[in-house]
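Here's the structure we're looking at; comments come further down.
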Amino acid sequence: MSKIAAIKGTRDFYPEIMAVRNWIVDGWKNASIRNGFVEYDCPIFEYLELYTRKSGDEIVSQLFSMTDRGGRDLAIRPEITPSLARMVNQQINSLPRPIKWFSVPRLCRAEKPQKGRLREFFQWNCDIVGSDSILADAESIYTAVDYLRGLGLTAEDIVARISSRSMLAEILKSMGFADEQLNTVYSLLDKMPKVSPDAFKEMATEQITDPSLREQMLKLPVVKTLDDVEALAASEPAKAAVAELCELFDILSAMGIGDYCKFDIQIVRGLAYYTGPVFEIFDRKESLRAVCGGGRYDSLLTILGGPQVPATGFGMGDVVLEILLREKGKLPELSGSIDYFVIDAGKEMFDRALKLVCEIRSHGRSASFSYKRQNLGKQFKTADAQKAAFAVIVGEETVENNEITVKELATGQQQKISVTDFLSSL
RNA sequence: GUGAUAGUAGCUCAGUCGGCUAGAGCACCAGAUUGUGGUUCUGGGGGUCGCGGGUUCGAGUCCCGUCUUUCACCCCA
């Protein structure tokens, strides 16, 4: 019989890797909780329409879909935000606002695997629903940076590049662009960092036929600061949008992460549903794809048949994050280990040793022992292989005066102690 | 979906011009020291050389296809 392989783009989490994953997920959960978010979850599959409603039919080729026995079209979740919107919609009138929810869903996308992108991964999501305050956007960005900063990543290591969809739209409109032309410019800006200036001009010439509009648009890549962009804001709405983004930066500075944040007009987040401030977090070298991305999406609940409710949030995947942390040497040494390994000094002491194992366990500490009756050397080897912190020897003196020998394996120091004292010290 | 890259033991790899029964290190298992490990010594298991076809007296090696890996593009919620 041939062996059956794992599906491409998926990972097996052997204990060593599982420890890393747990460490990452625990960090996400802690950061969420200390920033005032509460956890939720939902099914790993949904009606296909939940995703096509938001992203269009083209999305179907990029997710894993299936038909159930009743002929219903379903899909494994490629993201959790539509489910979040569905859940919020269902209880919209009874949930106290702002709703600050987080989740760490396992997601699947039918992608071609490459660096930082797999077909199955975990993604930390934090969302704030029911507030249109710029403070919510600030808190969303702060939470993501707070987590990364907590791992020891400095403003030298990472940067949150921030812009605003609504601001860009108002600027473009004040330049004379029509609503239906906006997506073209978004997509151009998004591609800009990947192509040469000449190639960029060529793309612009191709896609924006009106020469004066094109000339206006080509001013955008030159924009480096919010002051630059303010000079381009010709209309009142545009000025207001710039002012809002300035306020966001002021708040982020007040929160103490100003040095992690940088205005970048190129951040448009694809053609997604974003309606306001948007951001992506990168490594400073920008050799990796974004480790985190998010922004304001005020129309999603409406798209799913709910009322108009403002929302903002972000997602952070585990794949790029792990690569980044490995590169930066920020992954801790993690090893599964046990507290006590109990060794018998002879077959006739084994019952007593086994009893001690169970007593240690009932005190809430981990304990293990060898299944084979072997000499001390072998049992010590096993204790070492299992990375036990202490070895406990049960011998003649245990039978005679209820004493055991406890040896700290790292230092080699050992001492005799009564079983009673030992157990009460646990 | 497009292009490139690679695929030999659990892992990292060697394998000459196509030629005996395909190797090494690490890992794993077992022995050697009869109350002390992590760092000794000895031995062992484990491979249809990704899979399928072709060329050849003979294929890990050459050719074609296919699957998978890695990387980039498209896309990126």
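All chains are named by letter (A, B, ...) in the order of the sequence lines, taking the proteins before the strands, and each is independently numbered beginning at 1. Owing to the predicted nature of the structure, the values given are computational and were not obtained by experimental measurement.
If you take CD of A:Q386 and C1' of B:G37, they are 13 Å apart, rounded to a whole angstrom. Distance, A:R119 CZ to B:U70 C1': 15 Å, rounded to whole Å. Between the CD1 atom of A:I4 and the C1' atom of B:U68 there is a distance of 15 Å, given to the nearest Å. The CD-P distance, from A:Q374 to B:C29, rounds to 11 Å in whole Å. In this structure, A:D190 places its CG atom 10 Å from P of B:C74, rounding to the nearest Å. Look at CZ on A:R289: it is 11 Å from P on B:A77, rounded to the nearest Å. Look at CD on A:Q379: it is 15 Å from C1' on B:U33, rounded to the nearest Å. One atom, CG of A:L409, and another, C1' of B:U36, lie 10 Å apart when rounded to the nearest Å.
Only the C1' atoms considered, B:G46 is 15 Å distant from B:G25, to the nearest whole Å. Atom P of B:G18 sits at a distance of 16 Å from the matching atom of B:C57, rounded to the whole Å. Of the P atoms belonging to B:G1 and B:U48, the separation is 30 Å, rounded to the nearest Å. Straight-line distance between the C1' atoms of B:C13 and B:A27: roughly 14 Å, to the nearest whole Å. The separation of B:U61 from B:G52, taken at their P atoms, amounts to 13 Å, rounded to a whole angstrom. Here, B:U70 and B:A30 have their P atoms 34 Å apart, quoted to the whole Å. For B:G3 and B:U55, the C1' atoms lie 29 Å apart once the distance is rounded to whole Å. Taking atom P on both B:A72 and B:A9, the two are 26 Å apart, rounded to the nearest angstrom.
A:L63 comes within 4.0 angstrom of no nucleic acid atom, judged by non-hydrogen atoms across all strands. Counting non-hydrogen atoms under 4.0 angstrom, A:K115 reaches the backbone sugars and phosphates but no base. The residue A:G412 sits close to a base: some heavy atom pair falls under 4.0 Å. Residue-level contact check: A:A385 touches neither bases nor backbone, having no heavy atom under 4.0 Å from any strand. Looking at heavy-atom distances under 4.0 Å, A:Q62 makes contact with a base. Here A:G317 lies out of heavy-atom contact (under 4.0 Å) with every strand. Base engagement by A:Q414 is indicated by at least one non-hydrogen atom pair under 4.0 Å involving a base atom. In this structure, A:I393 reaches the bases: a heavy-atom distance under 4.0 Å links it to at least one base atom across the strands shown.
The shortest distance between the side-chain N/O atoms of A:R117 and the OP1/OP2 oxygens of B:C76 is not below 4.0 Å. Within the structure, a side-chain polar atom (N or O) of A:K191 is placed less than 4.0 Å from OP1 or OP2 of B:C75. For A:K378, a side-chain nitrogen or oxygen approaches OP1 or OP2 of B:G31 to under 4.0 Å.
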Q: Starting from the C-alpha separation in whole Å, work towards a yes-or-no answer on salt bridge (charged side-chain N to carboxylate O under 4.0 Å, His left out) for A:R72 and A:D68.
A: CA-CA 5 Å; A:R72 287 168 281 256; A:D68 74 4; 2.7 Å; yes
(Q) Pair A:R326, A:D283 - check salt bridge (charged side-chain N to carboxylate O under 4.0 Å, His left out), show working. (A) CA-CA 12 Å; A:R326 217 173 274 285; A:D283 65 302; over 6 Å; no
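Across the strands present, B:G45 finds no partner; the criterion is a Watson-Crick or G-U wobble pair with both atom distances under 3.5 angstrom.
No hydrogens or angles considered: nothing links the side chains of A:S131 and A:S133 as a donor-acceptor pair under 3.5 Å. Side-chain contact check for A:S83 and A:E46: at least one donor-acceptor pair (N or O, by modelled atom type) lies under 3.5 Å. Using modelled atom types and a 3.5 Å distance limit, the side chains of A:D264 and A:S163 yield no donor-acceptor pair.
Using a 4.0 Å cut-off between a side-chain N of Lys or Arg and a carboxylate O of Asp or Glu, A:R11 and A:E120 do not qualify as a salt bridge. Electrostatic pairing of A:D198 and A:K201 does not count as a salt bridge here, judged by no charged N lying under 4.0 Å from a carboxylate O. Between A:K330 and A:D157 there is no salt bridge, since no side-chain N of the basic residue sits under 4.0 Å from a carboxylate O of the acidic one.
Comparing B:A77, B:G35, B:U36 by their nearest atom to the side chain of A:A345 picks out B:G35. The side chain of A:K381 has B:U40 as its nearest neighbour among B:A77, B:U40, B:G3. For A:E79, counting side-chain heavy atoms from C-beta on, the closest listed nucleotide (B:A77, B:G1, B:U36) is B:A77. Distances were taken from every side-chain heavy atom of A:P113 (C-beta onward) to each of B:U70, B:C74, B:C29; the shortest belongs to B:U70. Comparing B:G1, B:U36, B:A77 by their closest approach to the side chain of A:R269 singles out B:A77.
Judged by atom type and distance alone, A:K8 does not reach the base of B:U68 through any side-chain donor-acceptor pair under 3.5 Å.
Place A:T405 and A:K372 on RNA chain B by their nearest nucleotides, and A:K372 ends up nearer the 5' end.
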